[in-house]
Amino acid sequence: FIENDQFNYLPQPQREESTFLPNATYWGAPIIWEKTFQPSLNREQLKTTAFSIGLTVFAIGTYKQYLYNFVQSAEKYFMTGYFVTYYILTDNLDVLPSVKLGTGREIKPFYIAEKPGWIHLWKARTSLLSSVIKELIQNEVQYVFCMDVDQIFMNNVGSEILGDLVATLHPDFYDAPKNVYPYEQTSVSKAYVDGLEGDYYYTSELYGGKCNDVYELTLTCSQFIIQDIEIDFTAIMFEESYLNRYFINTKPTKVLSSEYSWPARRESTEFVVKRIFSLERYMPKK
């Protein structure tokens with residue numbers, strides 16, 4: 001299902017032959033690259049520490065087809081040895097995957113009404129996440145990560161990603177100059193980013209952190225989205241635009257490199273490993 005010709009790719013900026021990979025932001029947050037941080041060493045240091053982690057995904061409409069492979073690959077590579085709860089928000093409880101789970105790992109489904117097509121789902125996703133984090137998730141786990149379901153874990157993703165507020169560099173813009181970032185440029189929008197603002201461009205396919213911090217993120221983004229809907233405005237990159245606006249105001253305490261969100265069909269020699277494959281950032285044809 002990686003092959004799908006009904007979609008167009010996002011345009012990619014020109015890249016230089018070699019890219020400098022910084023290991024920290026100017027505000028002191030570590031940037032997790034295999035070349036500079038060596039995540040395996042961090043996992044070794046924390047392997048005896050008990051953490052409980054929630055992983056949220058939406059399996060709505062046609063995206064249900066990705067759920068089995070998502071969970072199966074997560075069981076192999078995501079937070080192995082830790083307590084993990086998969087919070088699956090779906091419009092069809094019959095599609096829950098029959099994957100053999102490890103000790104201390106479980107699936108918790110939540111029924112939500114179908115939102116026809118992702119272009120409608122994005123309007124409600126952060127609102128639904130903030131509600132389920134507040135009502136349930138924060139009472140059950142210490143950390144929660146939000147992911148798109150059309151992804152596959154390809155290498156170990158462990159305790160090196162844990163932090164208060166965690167963002168992931170977008171694979172199309174991790175080495176591009178700020179002037180090409182697709183920030184929202186319409187000033188009436190709550191996602192608006194002034195030309196003098198901005199640090200990095202982050203993907204909406206993976207973000208997370210401690211429950212309280214992620215709750216504040218999703219609540220704020222949902223409020224921004226609602227206010228834009230009221231004036232009949234759609235941000236250029238949908239919920240990702242609001243996520244980037246939030247991370248400008250509230251800096252992430254840890255940044256994951258694009259190793260943690262890499263397009264499955266794109267070659268690259270910059271990375272030692274690719275940890276999570278995105279089965280592609282698509283934009284629908286007009």
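The list of salt bridge (Lys or Arg N to Asp or Glu O under 4.0 Å) pairs with a residue in residues 71-89, not counting sequence neighbours, reads Glu75-Arg105.
Counting only distance, with no hydrogens or angles, the side chain of Thr80 and the backbone of Tyr77 share no donor-acceptor pair below 3.5 Å. With hydrogens and angles disregarded, no donor-acceptor distance shorter than 3.5 Å links the side chain of Glu184 to the backbone of Ser241.
Salt bridge Lys210/Asp164: present, at least one basic N to carboxylate O contact under 4.0 Å.
Cluster partners of Ile231 are Val188, Phe233, counting Ile, Leu, Val, Met, Phe, Trp and Tyr whose side-chain heavy atoms approach within less than 4.5 Å, directly or via other members.
Asp199 and Tyr26 are linked by a side-chain donor-acceptor pair at a separation below 3.5 angstrom, with hydrogens and angles left out of the test. Side-chain contact annotation: Glu205 with Ser278, donor-acceptor N/O pair under 3.5 Å present.
Taking the six-membered ring where the residue is Trp, Phe78 and Phe153 present tilted rings, their angle falling between 30° and 60°. Aromatic ring orientation, Phe271 versus Trp262: perpendicular (interplanar angle above 60°, classes split at 30° and 60°).
Partners of Ser130 according to the side chain to side chain donor-acceptor pair (under 3.5 Å) rule, which considers only residues two or more places apart in sequence or in another chain, do not exist here. For Tyr201, the side chain to side chain donor-acceptor pair (under 3.5 Å) partners at least two apart in sequence or on another chain are Glu240. For Glu197, the side chain to side chain donor-acceptor pair (under 3.5 Å) partners two or more places apart in sequence, or in a different chain, are Arg245.
Leu162 has its side chain within reach of Met79: a pair of non-hydrogen atoms, C-beta onward, lies under 4.5 Å apart.
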Show me the side-chain donor-acceptor pairs of residues 137-147 shorter than 3.5 Å, one per line, residues at least two apart or across chains.
unit_1: Gln138; atom_1: NE2; unit_2: Lys134; atom_2: O; d: 2.9
unit_1: Glu140; atom_1: OE1; unit_2: Tyr87; atom_2: OH; d: 2.7
unit_1: Glu140; atom_1: OE1; unit_2: Lys108; atom_2: NZ; d: 3.1
unit_1: Glu140; atom_1: OE2; unit_2: Lys108; atom_2: NZ; d: 2.6
unit_1: Gln142; atom_1: OE1; unit_2: Ser52; atom_2: N; d: 3.1

